[in-house]
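Counting starts at 1 for both ligands and their atoms, following the listed order. The structure displayed is predicted, hence computed values, not measured ones. All heavy atoms count here, side chains included; hydrogens, waters and symmetry mates do not.
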Amino acid sequence: MYTLPNLPYAYEALEPNIDVATMRVHHDKHHQAYLDKFNAALKNYPQLQAENAEDVLWNFESQVKPATPADIQVAIKNHGGGYVHHSLFWKTMSPNGPREAVGELAAAISSRFSSFAEFKTQFTDLAGKHFGAGWAWLVLNEKKELEIYSLPNQDSPLLSKHYPIMGIDVWEHAYYLKYQNRRPEYLEAIWNILDWKKIEERYQIGLNKS
Ligand SMILES: [Fe+2]
């Protein structure tokens with residue numbers, strides 16, 4: 001059984017950028033619901049319960065291990081994706097981390113996007129234009145190059161063996177209580193709470209992932 005990770009800060013810690021009411025319903029209700037349905041799908045598959053949850057998605061179509069059983073593929077994609085993505089999301093924000101890329105990731109972003117400011121512009125633009133529910137992603141692709149794109153619903157970069165370094169939730173449940181239909185305001189505020197030390201740690205994990 002997978003479990004709901006506690007937030008690594010208080011529910012109100014990301015105010016005013018993300019309000020306490022949104023954090024409570026997003027973590028305690030939405031994330032919990034993804035977790036419950038993910039665990040229910042894995043009930044008869046103890047070998048999948050024993051893995052790192054990210055690896056359940058990473059190995060989804062693996063030729064090395066048996067592929068994900070057909071009867072739970074949809075549930076794994078939707079609820080496993082939702083569980084893993086929200087776990088990642090909480091960890092890559094904080095009330096006091098560095099607000100621009102640091103270390104080797106800073107160099108990689110500058111090399112790929114010309115500057116952090118240009119990366120921020122491109123990422124915000126694609127997150128703003130994503131139609132409907134989904135996530136905007138910064139990933140390491142199979143060549144260990146940085147890429148940005150958005151995916152619908154809880155479809156995961158991990159299914160393509162792209163390692164997600166950072167993701168922004170653009171489902172309405174992530175911002176509607178405070179921002180209503182003003183997604184651009186939410187996307188501007190999110191840069192005030194991203195923790196680039198944590199994102200750099202994921203970058204290092206992704207570089208070593210095989
Ligand atoms: Fe969400």
Item to check | Geometric class of the Trp58/Tyr163 ring pair [parallel <30°, tilted 30-60°, perpendicular >60°] | outcome: perpendicular

Next on the checklist: Take a 6.0 Å sphere around NZ of Lys37 and say whether it holds more than 12 heavy atoms from other residues, nucleotides or ligands.
Outcome noted: no

Checklist entry - Who passes salt bridge (Lys or Arg N to Asp or Glu O under 4.0 Å) against Glu200, sequence neighbours left out? => result none

Checklist entry - Under 2.8 Å from the Fe ion (ligand 1), which protein atoms of type N, O or S occur, listed by chain and number? => result His26 NE2, His86 NE2, Asp169 OD2, His173 NE2

Checklist entry - Are the aromatic ring centres of His85 and Trp137 under 6.0 angstrom apart? => result yes

Checklist entry - With Lys209, which of Leu158, Leu140, Asp55 fulfils side-chain contact (heavy atoms from CB on, under 4.5 Å)? => result Asp55

Checklist entry - So, Trp90 versus His26, ring centres under 6.0 angstrom or not? => result yes

